[in-house]
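Report on the following structure.
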Amino acid sequence: MPEGPELHLASLYVNKMCNGVVFTGPVRKSEVSKSPDVPFTCEAYRITATSRGKEVKLTLTPMKSDDTKRKAKKGQADQPMDVVFRFGMSGYFRFTTEDELPKHAHLRFYSTEKPCRVLSFVDARRFGSWQHSGTWQPSRGPCIMFEYKSFRENVVSHLSDRAFDRPICEVLLNQKYFNGIGNYLRAEILFRLNIPPFVAARTVLEGLESEDFCENEKPVKNEIADTKTSDGTEHKRVKEETGDLLRLCHTVPLEVVSLGGKGYDPEKADYSDFQAWLQCYYVDGMKSVRDHNGRTMWFKGDPGPMAPKDSKSPKAKKRTKKEDDHDYTDKKKVAKSRSASSAKKKAVKQEAVTKTPKREKDARPKEAKSKRGKTDKPLKVNTARHEKRSTARRRGSSNAGPTAAGGLRRSRRVTRPNGK
DNA sequence: CGTCCACGTCTAC
DNA sequence: TAGACCTGGACGG
């Protein structure tokens, strides 16, 4: 989930769910988490949230009480504390009753409610992190959504930075300049402007002004015009996006925010709106290649001059040694055995804490290129009916597969929503 | 069962 | 510029 829009939706979720709720006691961390303990405990405090780019900050505010004046009990906080979170690949917040704690709830805030409810930072992969008494990470630039003006100025005034020597698609992931842009957003943004992903960033950006002169232009609705070409293939022509690249880095993420909860609230695990919103990322018919950092770049048309020279011979990687395979990752599937009886301590299977070494990569280059004429597949499969994503599922280039941002599991939509 | 893939950083050679 | 860090879902055999 986590790109700028999801982090912001997470902050809205926290503010909505925790409005009026009183929290109490210490902040609790899971056994397996490597992030720092949060040294905060208070009889009664409130929680509010804000977001900036790809970070969310929770503010824990002690409530006034008689105790406060009487010099609260030792250890009790009387000053607010900020905890800054980064979501990694799988982080999110959930507010549930105590007995419905989600799996992987690594940091928890307990309310004073009767059936106690808990605000949890949930993160299955644990790539996320938090820092107490924190501030926004200094190395990250202004938020693309809510600090638009300074975001623009920061980019435009630093175009001489060597960072802009790289392909635009890779620079868009540089959080020092594009705090909030992630893998699906870079694809959607470049796609809207038809910018080849592997063109030098400076080339694409030079000439843009610090000021956004489009700001007041009415957002011309993107018209979609279906046209038939000689070969009978149906094409959809996207009519002019308003604004330059930097403006789209601001408006496109905001479109996701406006989609609402669907994008975030895992509760209603309904990502259909989000899926329908995607025009390029993981969309059937689009191309994809690994960028120089091993991340999949989705695009249409020309990849651009700086495209990876197919260099990475993924296959050359060969098997990784076999020797070490003894991961003692005791997989005790949570046998939902409802041993309601006493001892609840050990019952809670902990995530493996073994330090077992060597496991394979996450983003490792894979098969590449497989040029294929556009021949078959006139991408107009609305006939469907039972249509199980039966479509070819070649990786490395040219098209989709399952699972993606926001959980784009299952079949991919093949036709644009507004395409007729 | 095993392999591949995933919305992102981090640090170490 | 590679790995490291993780879990789990989709798929293939």
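Quick caveat, the model's predicted, so the values are computed rather than measured. In what follows, chains are A, B, ... by sequence order, proteins preceding strands, each numbered from 1.
To the nearest angstrom, C1' of dG8(C) lies 8 Å from NE2 of His104(A). Atom P of nucleotide dT9(B) and atom CZ of Arg186(A) are separated by 12 Å, given to the nearest angstrom. Between Asp291(A) atom CG and dA6(B) atom C1' there is a gap of 14 Å when expressed in whole angstrom units. Separating the NE2 atom of His106(A) from the P atom of dT7(C) is a distance of 8 Å, rounded to the nearest angstrom. Put simply, CG on Leu172(A) is 17 Å from C1' on dT9(B), counting in whole angstrom units. The separation between Arg290(A) atom CZ and dG3(C) atom P is 14 Å, rounded to whole Å. Rounded to whole Å, the distance from CH2 on Trp130(A) to C1' on dG8(B) is 16 Å.
Centroid-to-centroid, the aromatic rings of Phe23(A) and Phe40(A) stay 6.0 Å apart or farther. A ring-centre distance under 6.0 Å is not found for Phe109(A) and Phe95(A).
dG9(C) and dT9(B) are spaced 23 Å apart, taking the P atom of each and rounding to whole Å. Between dC13(B) and dC5(C), the two P atoms lie 12 Å apart (nearest whole Å). Spacing of P atoms, dC5(B) relative to dG13(C), comes out at 15 Å, to the nearest Å.
In this view, Tyr148(A) and His250(A) satisfy the ring-ring contact (aromatic ring centres under 6.0 Å, His included) rule, not counting sequence neighbours. Applying the side chain to side chain contact (heavy atoms under 4.5 Å, CB included) criterion to Thr112(A), with sequence neighbours excluded, gives Val22(A), Thr24(A). For the salt bridge (charged side-chain N to carboxylate O under 4.0 Å, His left out) test, residues two or more places apart in sequence or in another chain that qualify with Asp37(A) are Lys29(A). Applying the ring-ring contact (aromatic ring centres under 6.0 Å, His included) rule to Phe151(A) yields the partners Phe178(A); only residues at least two apart in sequence or on another chain are considered. Listed by chain and residue number, Phe164(A), Asp165(A), Glu206(A) satisfy the side chain to side chain contact (heavy atoms under 4.5 Å, CB included) test with Arg202(A) (two or more places apart in sequence, or in another chain). Among residues two or more places apart in sequence or in another chain, the salt bridge (charged side-chain N to carboxylate O under 4.0 Å, His left out) test is passed with Arg166(A) by Glu170(A). Scanning for side chain to side chain donor-acceptor pair (under 3.5 Å) contacts around Asp244(A) gives Arg152(A), with sequence neighbours left out.
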Secondary structure of DNA chain B in dot-bracket form (Watson-Crick or G-U wobble, distances below 3.5 Å, | marking inter-strand pairs) = ||||||.|||||.
Strictly under 3.5 Å: I want the nitrogen or oxygen pairs between protein and nucleotides 10-12 of chain B, one per line.
{"residue": "dC10(B)", "atom": "OP1", "partner": "Arg86(A)", "partner atom": "NH1", "Å": "2.7"}
{"residue": "dC10(B)", "atom": "OP2", "partner": "Gln137(A)", "partner atom": "OE1", "Å": "3.4"}

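Distances shorter than 4.0 Å separate none of the side-chain N or O atoms of His292(A) from OP1 or OP2 on dA2(C). Between Lys103(A) and dT7(C) there is no side-chain polar atom (N or O) within less than 4.0 angstrom of OP1 or OP2. Thr296(A) has no side-chain polar atom (N or O) that falls below the 4.0 Å cut-off from OP1 or OP2 of dC5(B). Regarding contacts with the backbone of dT9(B), a side-chain N or O of Gln175(A) is found under 4.0 angstrom from either OP1 or OP2. Note on Arg125(A): every side-chain N or O is 4.0 Å or more away from OP1 and OP2 of dA6(B).
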